[in-house]
Every structure is written in structure tokens, then in C-alpha cells.
Amino acid sequence: MSALLHLFKLLPDRDRIAAACVCKEWNGVSRHPSLWSTLDLHNCQNASQALSKLPHQYQGPLKVVNLEFAVAVTDKDLQRLHGNNVEVLNLNACQRVTDAGIIGLVSQSPNLQRLSLYWNVHVTDAPLYRLASMCAQLTHLNLSGCKRITDKGLQAVAKNCHHLVDVDLTRCMEITEKGYTAIASGCQKLQVLRMYACAHVNDATLKACGELLPDLRVIDICGAHLVTDNGAQALAKCHKLEVVNFTWCVQLTDTAICPIAAGCKGLQSLSLHGLRGITNQTIESLATNCRNALHTLDVHGCIGIKSYEEPVQSYLQRNLPGVKQFVMHT
């Protein structure tokens, strides 16, 4: 039995489920609790069928459930996981899962720490209300592409989930300044905040981040056309910043970037893609303050960076020798 159990531990979850159907002996081995702390059916095209074979006895030990891109999974399939106090739940791109399915499983999982709902365009604020009321230990929340999420859902999370360190709001188009400032105010342990392609990010959003998020390490506001130097330079107070994406934040100039360089000397990656207001002044400030840390710099389209005595590439490499990857305009 011990040798067979060891072999079962070596099998991927989907194969282990299939093996449990071979005979009574294998089915008995497959029920051992040590086999089922994690259920990983990511990219499994027949995940729904696999879940249907999970016997009732598997309820309880599951801590990690990964159904990422298991596109056939439905609410009914998730019901088979009820009885487990899940800590990590990945439902990325499971677009047949609705609010009801998510709420059902979240309600069973007060110890939930990580929830990922990437590109579930049907999800509304309803699961966030339940999440806020049940899962105070939540640390990671990925709502990227959840286009129906609004300020109200985000405010509920911010009010109760104070341990969040990583939030992804990419393309959450209904969220406004109210939602962003609520997250900054209620979740002051945040280290990663992604607001890529969020049209309502503005100066007030970044001022809240600068004032309230001292541990912020990664911020992505690609395409935030409302943001000006006045708001962006507030991020200079986030002294632990390592990765900043200002791509297509077209109003930004040296006036914003130079203070950030001075205040965030550990900056490792910076995208200024498409910012015509960036000049040599920014490069010199980065060279003075971030020379030892910076390894990636995107200055594609920064036509204000000029060098008359040498090619721009040479100028950048001389001033920032630690940068291993430059992306430049042609």
C-alpha cells in the first residue's frame, strides 16, 4: 500500500482521479488525505468530467484549487468542492462560472488568502461582498478583466480585507477614484497595485497611494491619461518602489519622474513609453539616484531625450551602465 501511495503522489491530479476509477484497491489508495491538499486542473479541457469523479470523501483536506483556463468548469462543478476550507483559489478565465458559484465556494472558505478571477466578464460585485464578510485574511486578489466590478464591491473589500498585499484591477473599467482611494486607505499593506488600462485613474488616486502605501513596490498605471505631474510625483513618498509602469501616461514630464528617482533609489524597472515630455534631465536623475538598482528602462517614443555628441543608445548606456534592457525610439 505504501509503495502504491508513493506512486499516486507522483501522478498529476487529473491522472490520479482517473486512476481512482481503475479498481477498488486503487480507489482506496486515492482517498488518502495526503494526496489532496492541492487540486491542480489548470488548462484541463475535461476538468468538469474530472471533478465529477471526485468522491464525497475528498471534502476537507483541499487547501489549493487551481482551475485556471479549465474553461468547461461550471457552478455545479464547484459545488463538488464544498466542504473544503480553501486557502488559494484560481478561477482565471473560467467564464462559465457565475457569481453564485464563486459565492458558494468562498462561503466555505473563511481562510481564503488568494483569489484570482482573471477575465471573468460575468462577475459582479456580489462575490466581493461575500469575500469581504468572510475572508479577512485575504492577501492576493486578481480581478483583471472583470469589467462589471464597481466601486461598491471594491469599497467592501477595502473595508474588511486589511491584509491585502497584491491587487490587480487591470481593465476594471467601472472603477473610479472612489474605489481606488478606498483600496489605498483600507489596505495599507499593499505592495503590488495594478491599474493597467483603467481610464479613471487620476491625480487623487496616486496622491492616496503616495500618502497611504509606504510598502508599495509595484505600480502599473499604463494608459492613465488623466494623471499629471502633480499626482505622479506623490509616488516619490513610496520609497520601496521597484517597478513602475507609466506607459502612455502622456501628460507626465521630468517634473514627475525626477522626484520619483530621488525618492525611490531601489527602482529596478521603469517604463516611460510614449512620454514626449521626458528629456535628458530624467536620465541624469536616474543615473544619480538609481544607477545601482535600475536594470530595465523603456524610453520608446521619448523624443525629448537627445545626444549630439554620441548616439542616444551610447548616451544611455554610459549614464546607466547597469541597465540590461533598453527599449528606445527609432
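Below, all heavy atoms of this structure are taken into account, side chains as well, without hydrogens, waters or symmetry copies.
Residues that satisfy the side-chain hydrogen bond (donor to acceptor under 3.5 Å, both in side chains) test with Arg130, not counting sequence neighbours, are Ser107. The side-chain contact (heavy atoms from CB on, under 4.5 Å) test applied to Cys290 returns Ala261, Leu267, Leu286, Leu294, not counting sequence neighbours. Applying the side-chain contact (heavy atoms from CB on, under 4.5 Å) test to Ala232 and every residue at least two apart in sequence or in another chain returns Leu206, Val227, Phe246, Leu252, Ala256. By the side-chain hydrogen bond (donor to acceptor under 3.5 Å, both in side chains) test, Asp151 pairs with Thr176, sequence neighbours left out. In this structure Glu211 satisfies the side-chain contact (heavy atoms from CB on, under 4.5 Å) test together with Lys237, sequence neighbours excluded. Among residues two or more places apart in sequence or in another chain, the side-chain contact (heavy atoms from CB on, under 4.5 Å) test is passed with Cys161 by Leu138, Val157, Leu164.
Side-chain contact annotation: Asn230 with Lys207, donor-acceptor N/O pair under 3.5 Å present. No side-chain N or O of Asp40 forms a donor-acceptor pair with one of Thr38 less than 3.5 Å apart. Side-chain N/O atoms of Tyr315 and Asn280 include a donor and acceptor closer than 3.5 Å. Residues His162 and Lys189 bring no donor and acceptor atom of their side chains to less than 3.5 Å of each other. Side chains of Asn120 and Gln95: no donor on one and acceptor on the other come within 3.5 Å. In summary, the side chains of Ser109 and Asn85 do not present any donor paired with an acceptor at a separation below 3.5 Å, with no hydrogens or angles considered.
In this structure the side chain of Ile219 reaches within 4.5 angstrom of the side chain of Leu235, judged on heavy atoms. Annotation: side chain of Asp166 is not in contact with side chain of Leu190 (no heavy-atom distance under 4.5 Å). When side chains are defined from C-beta on, Asp254 counts as touching Ile278, because their heavy atoms get closer than 4.5 Å. Residues Val64 and Leu39 form no side-chain contact, since every pair of their non-hydrogen atoms from C-beta on lies 4.5 Å or further apart. The shortest distance between side-chain heavy atoms of Val165 and His140 falls below 4.5 Å. With a 4.5 Å cut-off on side-chain heavy atoms, Val97 and Thr74 do not count as touching. Counting heavy atoms from C-beta on, the side chains of Ile175 and Thr150 never come closer than 4.5 Å. When side chains are defined from C-beta on, Val167 counts as touching Leu169, because their heavy atoms get closer than 4.5 Å.
Residues Glu68 and Asn92 approach most closely at OE2-ND2, 3.0 Å, considering heavy atoms. Here the closest heavy-atom approach between residue His163 and residue Ala136 is recorded as CD2-O, 3.3 Å. When every heavy atom of Gln251 is checked against every heavy atom of Thr228, the shortest pair comes out as OE1-CG2, 3.4 Å.
Note that NE2 of His300 is 13.0 Å distant from CG of Leu297, once rounded to the nearest 0.5 Å. If you take CG on Leu112 and CG on Leu105, they are separated by 8.0 Å, rounding to the nearest 0.5 Å. Atom-to-atom distance recorded for His42:NE2 and Asn66:CG is 6.5 Å, nearest 0.5 angstrom. We find the CG-CD distance between Leu62 and Glu87 to be 11.0 Å, quoted to the nearest 0.5 Å. Rounding to the nearest 0.5 angstrom, the gap separating the CG atom in Leu241 from the OG atom in Ser269 is 11.5 Å.
For an aromatic pair to be called close, the ring centres must be under 6.0 Å apart, and Trp248 with His225 fails this.
Between Asp125 and Lys152 no salt bridge is recorded (no basic side-chain N to carboxylate O distance below 4.0 Å).
The cluster map of Ile, Leu, Val, Met, Phe, Trp and Tyr, joined by side-chain heavy atoms under 4.5 Å apart, puts Val73 and Val86 in the same cluster.
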